[in-house]
Amino acid sequence: MRTRPVILHLDLDAFFSAVEQLHKPSLRGKPVIVGGTGRRGVVATASYEARRFGVGSAMSIVEARRRCPNAAYLTPRFQAYRAASRVVMGLLAEVSPVIEQMSVDEAYVDLTPTRPGIDVPAVTELAEQVRHRIHETTGLTASIGVGTSKLVAKIGSDLNKPDGLTVVAPGTEREVLAPLPVRRLPGIGPATQERLHKYGMHTVGEVAAATEREIVGILGQSHGTAVHQHSLGIDNRELEPERDAKSVSAEETFASDLTDRRELMDHARRMAGRVVGRITKDGLCARTITIKVRSYDFSTITRSFTLDQPTDSLNKIMSCIRQLLDAVEVSDGIRLLGVGVAGLTDFAQTDLLSDLLAELGDDPDERLPDQTTDRTAGQTPDDTATGFGWTAELRDTDGTAPGTPHDWRPGQDVQHAERGPGWVQGAGLGRVTVRFEGPHTGPGPVRTFRTDDPDLAPAEAPTW
DNA sequence: TCTGGGGTCCTAGGACCC
DNA sequence: TCTGGGGTCCTAGGACCC
């Protein structure tokens, strides 16, 4: 008989804002909100102090500011979060080599191979040790759930957060799940919740009491069987430690809607450059190119094209994007543009014809995919020449043109020639306010500088 | 005061081939 | 000439997750 699985799920509490509070001592114990800070920004993470004011994930920043005007509003520092994440994942690796990292702040650990048959008291102690080690090493708090499956572990980590532990004893899965709202089951979002409510099912127990046929009738074959199994506490999914990416994309919501095709193409080229940079770094090529266009009214479409051969050529991909975008109406205003690639393979099929044509000086990149002649009305002939966006090539990776003042972002790490490391507390009207403190100092003093002060420079995030 | 950015998986229809 | 079924690929959209 197979040994019963023992799965641990770890979730770092209010991760982004917790890292900010560690790096910025003056913010400890205070409401901190990390997210986009523009008019169209949303909350990525609110600290627990901010959640008390009713601020939550995905809320618009404008609404958050109304509810909690005194919070610190910071733009994300992904480098710092990735660094903290690596430390935590390293600690998990000491417990078991079988880890599936779900995101920067979440992972499953399979204890079955290293701790077969471990009992509830022992696994409770182990999980507490892990939480303690994480806090000791990073200062972060984590919530952990332990159970006989990913499903139960995941739900467990949610039951006692923040800074908590739930061990679901084998055999008690159904009774633990039964009273929970259906929404707590993974895979049940607003739409599925609504459908189940319509049939009078509000708790996991109510779904479990129905037959699989009934649930399949409501949710369809695939989703229905999974949800019904989950409601019974049954989940046979294995951990998948190494998963290859299936797609890579970049998208951007503009500060105000765009109607100019050339401007849109400039943004497309910049984003495609990021996408190509990421796939070529991994030695990958892509066959399907997708654009995503969100209009002023939030209606969203995607358009895609699949090439005969995978490519990592920015020119080829841009040629594709141009044709896809040409067929989209933009005159009413575009709020968001995205570009993505899929059909990833780790080699480019050598295209003998392209190679031959390239040798003859006829660049095939400019001819793929099949060029259509019915170009959108109103475009001038020289649009083709400028359309790829020479302006984009003059920009730094952070989008700032060289030689222009930095657009200081709240939360950003900086270095002052005399005063040392600090972070941007706010900027505007030609002034930038910096607080000089770090992970290992007490709360530090604040000074204000001109935004173009030569003594002030962007800096790397502090290390752990 | 409208609603980010990075993904995964599923469905459904049409094209195309056998 | 009409009528099939199955399988695969492509495209578009939607639900969901962090």
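Every chain is numbered from 1, with letters handed out A, B, ... down the list of sequences.
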**Student:** State, without any angle test, whether A:T288 and A:T306 hold a side-chain donor-acceptor pair at a distance under 3.5 Å.
**Tutor:**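 Looking only at side-chain atoms, A:T306 and A:T288 do form a donor-acceptor pair, the distance falling under 3.5 Å.
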**Student:** Looking across every strand, which nucleic acid part, if any, lies under 4.0 Å from A:V43 by heavy atom: base, sugar-phosphate, or nothing?
**Tutor:**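 Nothing: the residue A:V43, judged by heavy atoms under 4.0 Å, touches no strand.
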**Student:** The test is salt bridge (charged side-chain N to carboxylate O under 4.0 Å, His left out); show your working for A:D257 and A:R40 and say whether it passes.
**Tutor:** CA-CA 11 Å; A:D257 298 347; A:R40 289 176 164 176; 2.9 Å; yes
**Student:** A:K161 pairs by side chain to side chain contact (heavy atoms under 4.5 Å, CB included) with which of A:D13, A:T166, A:T141, A:I144?
**Tutor:**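 It is A:D13; the other options fail the test.
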**Student:** Give the rounded distance in Å between these two atoms: CG of A:D105 and C1' of B:dG6.
**Tutor:**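 It is 13 Å, rounded to the nearest whole Å.
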**Student:** Are the ring of A:F298 and the six-membered base ring of B:dC2 within the stacking cut-offs of under 5.5 Å and under 30°?
**Tutor:**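 Aromatic stack with B:dC2 absent for A:F298.
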**Student:** Less than 4.0 angstrom between a side-chain N/O of A:S247 and OP1 or OP2 of B:dT8, yes or no?
**Tutor:**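 Yes, such a contact exists.
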**Student:** Heavy atoms only, 4.0 Å cut-off, all strands: where does A:I61 land among base, sugar-phosphate and nothing?
**Tutor:**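 A:I61: no heavy atom of the nucleic acid under 4.0 Å.
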**Student:** Quick check on contacts: within residues 180-204 of chain A, what sits under 4.0 Å from DNA chain C by heavy-atom distance?
**Tutor:**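 The stretch gives A:R183, A:L185, A:P186, A:G187, A:I188, A:G189, A:P190, A:A191, A:T192 as the residues lying under 4.0 Å from the strand, ordered by number.
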**Student:** Do we see a donor-acceptor contact under 3.5 Å between the side chains of A:T172 and A:E175?
**Tutor:**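 Per modelled atom types, A:T172 and A:E175 side chains form no pair under 3.5 Å.
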**Student:** Pick base, sugar-phosphate or nothing for A:R287, based on heavy-atom distances below 4.0 Å to the nucleic acid.
**Tutor:**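 Sugar-phosphate, backbone atoms only, no base.
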**Student:** Given 3.5 Å as the limit, does a donor-acceptor pair link the side chain of A:T203 with the main chain of A:P181, or not?
**Tutor:**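 No, the answer is negative, given that no donor and acceptor are paired below the 3.5 Å cut-off.
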**Student:** Pick the closest DNA chain B nucleotide for A:Q221 and for A:L336 by heavy atoms, then say which residue is nearer the 5' end.
**Tutor:**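 Its nearest nucleotide being more 5', the pick is A:L336.
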**Student:** Looking only at side-chain N and O atoms, does A:S304 come under 4.0 Å of OP1 or OP2 in C:dA12?
**Tutor:**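 Affirmative; the distance criterion is met.
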**Student:** Contact class for A:S222 vs. all strands (heavy atom < 4.0 Å): base, sugar-phosphate, or nothing?
**Tutor:**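 Answer is sugar-phosphate: A:S222 comes under 4.0 Å of backbone atoms only.
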**Student:** C1' atom, C:dG4 versus B:dC17: distance in rounded Å?
**Tutor:**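 Result for the C1' pair: 14 Å, nearest Å.
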**Student:** Suppose we define a pair by two distances each less than 3.5 Å, Watson-Crick or G-U wobble; what does C:dG14 pair with here?
**Tutor:**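 Checking every strand shown, C:dG14 finds its partner in B:dC9, with both distances under 3.5 Å.
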**Student:** Have a look at A:R65 and say if it touches a base, only the backbone sugar-phosphate, or nothing, with a 4.0 Å heavy-atom cut-off.
**Tutor:**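 No contact.
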**Student:** If you look at every strand shown and take non-hydrogen atoms under 4.0 Å, does A:A250 touch a base, only sugar-phosphate, or nothing?
**Tutor:**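 The residue A:A250 makes sugar-phosphate contact but no base contact.
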**Student:** So, A:T148 and A:E173: side-chain donor and acceptor under 3.5 Å apart, yes or no?
**Tutor:**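 The answer is yes; a qualifying pair exists.
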**Student:** A:K292 NZ to B:dG4 P: how many Å, rounded?
**Tutor:**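 It works out to 9 Å between those atoms.
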**Student:** Take atom NZ of A:K150 and atom P of C:dC17, then tell me their distance rounded to the nearest Å.
**Tutor:**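 To the nearest whole Å, that distance equals 14 Å.
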**Student:** Looking just at side-chain N and O atoms, do A:S313 and A:N315 make a donor-acceptor pair shorter than 3.5 Å?
**Tutor:**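 There is no such pair (donor and acceptor under 3.5 Å, judged by atom type) between the side chains of A:S313 and A:N315.
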**Student:** Is any side-chain nitrogen or oxygen of A:R294 closer than 4.0 Å to OP1 or OP2 of B:dT3?
**Tutor:**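 For A:R294, the contact criterion (side-chain N or O under 4.0 Å from OP1 or OP2 of B:dT3) is not met.
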**Student:** Only one of A:T192, A:I188, A:V207 clears side chain to side chain contact (heavy atoms under 4.5 Å, CB included) with A:L219; which?
**Tutor:**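 Between A:L219 and the candidates, side chain to side chain contact (heavy atoms under 4.5 Å, CB included) is satisfied uniquely by A:T192.
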**Student:** For a quick test of reading the model: is some side-chain N or O of A:S103 closer than 4.0 Å to OP1 or OP2 of B:dG6?
**Tutor:**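 For B:dG6, neither OP1 nor OP2 has a side-chain N or O of A:S103 closer than 4.0 Å.
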**Student:** What integer distance in Å separates A:D158:CG from C:dC17:C1'?
**Tutor:**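 Result: 13 Å.
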**Student:** Round to the nearest Å and state the distance from A:M59 atom CE to B:dC2 atom P.
**Tutor:**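 So the CE-P distance, A:M59 to B:dC2, works out to 15 Å.
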**Student:** Check whether any side-chain nitrogen or oxygen of A:T302 sits under 4.0 Å from OP1 or OP2 of C:dT11, and answer yes or no.
**Tutor:**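 So the side-chain polar atoms of A:T302 never come under 4.0 Å of the phosphate oxygens OP1 or OP2 of C:dT11.
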**Student:** So what does A:E63 touch, heavy atoms closer than 4.0 Å: a base, only the sugar-phosphate, or nothing?
**Tutor:**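 Answer is base: heavy atoms of A:E63 come under 4.0 Å of a base.
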**Student:** Does A:R335 have a side-chain nitrogen or oxygen under 4.0 Å from the phosphate oxygens OP1 or OP2 of B:dT3?
**Tutor:**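 Result: yes.
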